[in-house]
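Everything below concerns the one structure shown next.
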Amino acid sequence: MGNSDTIAALATAPAESALAVLRLSGPLCAEIARMAFRRARPPESRRVSVGIFYDVRGQSIDQCVYVLFNDNASYTGEPVLEITCHGNPLIAKRILRDCLERGCRSAEPGEFTRRAFLNGRIDLTQAEAVADTIRARSDFALAVAQRQLAGELGRQIEAWTNRLLQTLAGLEAYIDFPEEDLPAEDEDGPRAALKALATEFSLAAQSARYASVLHDGVRTVILGAPNAGKSSLLNALLGEERALVSDEPGTTRDFIRERFSVGRHCVHIVDTAGLREAASEIERQGIARTHDQAAGADFCLLVVDTATAPPTLPESLLPLLTAERALLVLNKADLPAHPATANFLPHLPRIALSARTGKGIPEFKARLEEILQADGITPREDALVINERHAAALRTAAAHLGKAAAALGEGIPTELAASDVRLAVTALGDIVGRIDNEQMLDRLFASFCIGK
């Protein structure tokens, strides 16, 4: 699939830097490289060159490094020209403006990757992974995105599609060639295969819950009574005075959101208003929002002042404080502990520290990393993580396979079961953005000796 226009855009941030990169894609690339750099002929594909960029009026703009990629060797699947100039935004803008004067148009957001997809260079899951790679906030999220960019999900979809087509080919054979010398129709085999695939699709769809964790970090809410040391803990974790610390209760009335790394994971932490009987309307609103934040969190840190009696927590909060999604932080461990602390919420894992002195903070981070990796809050290292779009398509495919398997078990005509299997194949094709209808016929004739 070709495009008649050539697009151009700045590929690096529009700010002062050592270098800036401009990217062009389309049929004018070779001619622009020849004219702008005053060459007798366009440069060789994928050969790095150095030259002065001259605008359409013959004025030199900058000495640049440039590379031309032919359509069979480029990211987009069409001729691409990449120009690296000095990182003065004025220089980059002048070169871009000149490319527009030479017949290019400004690229739309994501249009280079869109062309790569439309030209068959990548599938839709890889196109999505480009954005995920750019937005990754942790080493773990980056590793997951890069696996998908390398085609891991696309290969899994292809494997599932091939298994479905194999089953569909068998069903279609008995529909289209009933008079042929075929083995006796066995509905139990296809039915079991369809049910197994439906289960795999449903399980894979569940990993969509990890998408927000990878994109935004593990949403972690700090809870506790006023003056328990929530803001001090936040400051200790960030290594800076981000939150105001005061002996006056109720200092934090709105949320403070920050991110920090724990091992390979990103933690999106939220400091909340202290839990107590509110003294004012605005404080009551802050405490009510704290409940909402805790309900929507992936993990909770309940901070307790060990030097005082444990707080009385709201009843509505207790069901959220499970051993799997909460850690009891015994703060002010540098002071003598109150005797009741030992029996406070004994079902929760706990760790003692002093946010004021920093004692125990390294151990706390190590413990938090263990929890994030072991308790299903983040996916396994080798997990196939999908987004909600993928999950919706997989759930649709699973539903169709469930109907097809039920039809085969109930003696409903095979044609109806085959129709649902075809719909499941289409749903899988929606994930990668393409499905070749000829695949089913190829599979059919390769699998059976029909018309002998």
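Residue numbers run from 1 in the order of the sequence given.
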Would you give the length of the straight line joining atom [atom1] of [X] to atom [atom2] of [Y], rounded to the nearest 0.5 angstrom?
X: Leu197; Y: Leu428; atom1: CG; atom2: CG; value: 8.5 Å
X: Ile361; Y: Leu353; atom1: CD1; atom2: CG; value: 4.5 Å
X: Tyr66; Y: Cys29; atom1: OH; atom2: SG; value: 13.5 Å
X: Cys85; Y: Lys93; atom1: SG; atom2: NZ; value: 12.5 Å
X: Arg147; Y: Asp132; atom1: CZ; atom2: CG; value: 12.0 Å
X: Ile371; Y: Leu327; atom1: CD1; atom2: CG; value: 4.5 Å

For this session: Please assess Leu223 against Leu321 for the test side-chain contact (heavy atoms from CB on, under 4.5 Å), listing each intermediate value before the final yes or no.
Result: CA-CA 10 Å; Leu223 304 170; Leu321 301 177; 4.2 Å; yes
For this session: Start with the C-alpha gap between Glu108 and Arg114, add the side-chain angles, then the distance that decides, and say whether salt bridge (Lys or Arg N to Asp or Glu O under 4.0 Å) holds.
Result: CA-CA 10 Å; Glu108 297 174 359; Arg114 180 189 178 99; over 6 Å; no
Do any N or O atoms from the side chain of [X] and from the backbone of [Y] form a donor-acceptor pair under 3.5 angstrom?
X: Thr378; Y: Leu372; result: yes
X: Asp271; Y: Ile256; result: no
X: Arg325; Y: Ala297; result: yes
X: Ser202; Y: Ala198; result: yes
X: Thr220; Y: Val218; result: yes
X: Arg155; Y: Ala150; result: yes
X: His390; Y: Asn387; result: yes
X: Ser207; Y: Leu384; result: yes
X: Arg191; Y: Ala405; result: yes
X: Arg350; Y: Phe344; result: yes

Grab the two heavy atoms, one from [X] and one from [Y], that are nearest each other, plus how far apart they are.
X: Ile222; Y: Val303; answer: CG2-CG2, 3.7 Å
X: Pro27; Y: Asp5; answer: CD-O, 3.7 Å
X: Pro42; Y: Leu68; answer: CB-CD2, 4.4 Å
X: Leu301; Y: Phe364; answer: CD1-CZ, 3.7 Å
X: Gly296; Y: Arg219; answer: O-CD, 3.7 Å
X: Leu19; Y: Thr12; answer: O-OG1, 4.5 Å

Exercise. Step by step, would you call Phe299 with Leu368 a side-chain contact (heavy atoms from CB on, under 4.5 Å)?
Worked result: CA-CA 10 Å; Phe299 197 72; Leu368 183 58; 3.8 Å; yes
For the residue pair [X] and [Y], establish whether any side-chain heavy-atom pair is separated by less than 4.5 Å.
X: Cys99; Y: Leu24; value: yes
X: Ile157; Y: Asp123; value: no
X: Leu416; Y: Lys403; value: no
X: Thr76; Y: Arg121; value: no
X: Pro89; Y: Pro14; value: no
X: Asn331; Y: Leu233; value: no
X: Asp71; Y: Asn119; value: no
X: Val421; Y: Thr167; value: no

Problem set entry | Residues Tyr75, Val130; criterion side-chain contact (heavy atoms from CB on, under 4.5 Å); working and verdict | CA-CA 12 Å; Tyr75 174 64; Val130 172; 3.5 Å; yes
Neighbour count >12 (heavy atoms, 6.0 Å) for atom [atom1], [X]:
X: Arg46; atom1: CZ; result: no
X: Glu388; atom1: CD; result: yes
X: His215; atom1: NE2; result: yes

For this session: Take Arg115 and Glu111 through the salt bridge (Lys or Arg N to Asp or Glu O under 4.0 Å) test and state the conclusion after the steps.
Result: CA-CA 6 Å; Arg115 290 192 176 196; Glu111 191 169 4; 3.6 Å; yes
Exercise. Any idea how His265 and Phe140 line up, ring-wise: parallel (<30°), tilted (30 to 60°), or perpendicular (>60°)?
Worked result: tilted
For this session: Give the intermediate values and the outcome of salt bridge (Lys or Arg N to Asp or Glu O under 4.0 Å) for residues Asp305 and Lys332.
Result: CA-CA 6 Å; Asp305 180 354; Lys332 304 184 183 180; 3.1 Å; yes
Exercise. Just checking, is any N or O donor in the side chain of Thr125 or Gln148 under 3.5 Å from an acceptor N or O on the other one?
Worked result: no
For this session: For the pair Asp420 and Leu401, evaluate side-chain contact (heavy atoms from CB on, under 4.5 Å) and give the outcome as yes or no after the intermediate values.
Result: CA-CA 6 Å; Asp420 272 307; Leu401 295 188; over 6 Å; no
